[in-house]
Amino acid sequence: MLAQLFAVMAPVLTGAGLGFAWIRLGYSYPIEFVTRLVFNIGTPALVLASLSGADIDAGSFGLTMLATALVLVAMAGLAFFLAWLLKRDWRVLLAPTMYPNTGNMGLPVVLYAFGQSGFVFGITVMVTVALFQFTLGTMLISRGNPLKTLVKTPTVYAILISLALLVTNTDLPLWLHNSVDLISGFTVPLMLITLGVSLASIQVRNLKSGIRFSLLRIPLAVGVAWGIGHLLGLPPMAQSILILQMSMPVAVFNYLFAQRAKREPEYTASLVFCSTLLSLVYLPILLALLM
């Protein structure tokens with residue numbers, strides 16, 4: 001099990017390692033340009049490419065989406081507790097507490113653990129997290145009118161289109177699917193390399209704080225996801241996947257949001273890095289309990 005899990009995580013560590021080495025070798029890296037490219041072009045294409053043609057039952061989709069939304073709201077409330085406990089600004093910890101890596105890490109783990117029958121629940125959780133992240137998250141980092149910023153965010157439209165396709169069981173035209181699939185290919189690698197670039201300037205105290213944050217967040221996420229799944233009467237497989245997805249490491253997108261908002265991006269990078277490393281320890285245990 002550990003070997004399969006490491007195979008999922010190796011690209012994350014490799015991509016970040018490339019960015020780290022790039023800066024250590026003295027090369028320049030246009031973080032602002034890359035962040036804008038990923039947000040405005042890569043991420044919308046990635047959303048459309050990932051969700052087009054997914055086969056999800058409407059009833060299961062709705063219930064799982066509701067459960068995920070409630071977990072996110074509960075984790076947002078707990079972010080204030082974590083901020084008080086760790087003596088950090090709540091605006092810095094809100095997104096890392098709410099948004100785990102349900103996409104490029106969570107989906108492969110779900111597919112490995114539960115197969116195609118569970119994969120659709122994993123996609124549902126990912127869609128809901130993305131919807132919150134690119135609506136609420138975009139509004140929180142806006143410096144002017146938040147609604148104006150939201151309207152100008154391409155990923156929001158990509159999510160809404162994807163939801164319409166899922167509900168109506170419609171596929172994108174082949175030429176469009178191939179196009180967005182090709183463009184989406186640069187998104188995750190650039191995200192990971194940019195993460196590594198930021199890690200090159202991380203201080204040791206941030207690493208210690210990142211570990212403390214992860215050790216606090218994971219049991220909270222497991223408990224909240226289990227409780228809400230149980231209250232809503234989710235099917236056992238859907239509940240297990242909700243717990244697993246919400247317990248994933250801090251999503252790399254949180255770092256990009258912090259970078260865009262100029263809100264302690266190096267500290268957020270440490271949360272991503274530390275939680276990803278710790279997942280090598282806790283995910284096998286969690287999978288053994290859930291499978």
Side-chain angles (χ1 to χ4, degrees), residues 8 11-12 15 30 32-62 64-65 68-69 99-112 115-139 141-142 147-195 241 245 248 251-254 256-257 260:
V8 172
V12 178
E32 186 175 347
F33 166 74
V34 171
T35 302
R36 187 177 296 123
L37 184 68
V38 168
F39 265 108
N40 295 326
I41 298 176
T43 303
L46 181 64
V47 169
L48 285 170
S50 300
L51 302 179
S52 176
D55 183 20
I56 301 177
D57 171 70
S60 300
F61 177 81
T64 307
M65 194 172 188
T68 307
Y99 309 126
N101 192 343
T102 57
N104 61 299
M105 186 170 175
L107 289 182
V109 174
V110 168
L111 183 61
Y112 153 69
Q116 286 293 340
S117 58
F119 191 62
V120 293
F121 293 112
I123 289 178
T124 305
V125 175
M126 187 201 79
V127 170
T128 311
V129 171
L131 186 61
F132 268 73
Q133 190 167 29
F134 285 94
T135 52
L136 178 62
T138 299
M139 294 173 72
I141 66 170
S142 64
L147 292 178
K148 187 177 180 180
T149 303
L150 188 63
V151 169
K152 291 183 176 180
T153 304
T155 303
V156 173
Y157 297 103
I159 293 171
L160 294 176
I161 292 170
S162 298
L163 287 173
L165 294 173
L166 288 173
V167 171
T168 59
N169 196 26
T170 305
D171 295 337
L172 286 175
L174 184 58
W175 65 268
L176 182 55
H177 180 272
N178 289 343
S179 298
V180 295
D181 187 52
L182 175 66
I183 295 171
S184 70
F186 71 74
T187 308
V188 173
L190 279 182
M191 286 167 53
L192 296 175
I193 291 171
T194 307
L195 171 65
I241 291 169
Q245 281 280 62
M248 286 291 145
V252 183
F253 269 118
N254 294 315
L256 294 182
F257 272 103
R260 195 174 184 182

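None of the values given here were measured: they were computed from a predicted structure.
- Closest approach of T128 and A69 over heavy atoms only: CG2-N, 3.9 Å.
- In this structure, D181 and A49 approach most closely via the heavy-atom pair CA-CB, 3.8 Å.
- Taking every heavy atom of both residues into account, F132 and Y99 meet most closely at O-OH, 3.6 Å.
- Atom CZ in F33 sits 9.0 Å away from atom CG in L190 (nearest 0.5 Å).
- From I41, atom CD1 reaches atom OG1 of T187 across 9.5 Å, with rounding to the nearest 0.5 Å.
- The minimum heavy-atom distance linking G122 with V110 is given by the pair CA-CG1, 4.3 Å.
- The structure places CE of M126 at 11.0 Å from CD of Q133, a figure rounded to the nearest 0.5 Å.
- Counting heavy atoms from C-beta outward, L165 and D171 have side chains that stay 4.5 Å or more apart.
- The two atoms that bring T124 and M65 nearest to each other are CG2-N, 3.8 Å, heavy atoms only.
- Across V38 and P44, no two heavy atoms sit closer than the pair O-CD, 4.3 Å.
- Under a 3.5 Å cut-off, the side chain of Q245 and the backbone N or O of V125 do not form any donor-acceptor pair.
- Remark: Y157 OH to L48 CG distance equals 14.0 Å, nearest 0.5 Å.
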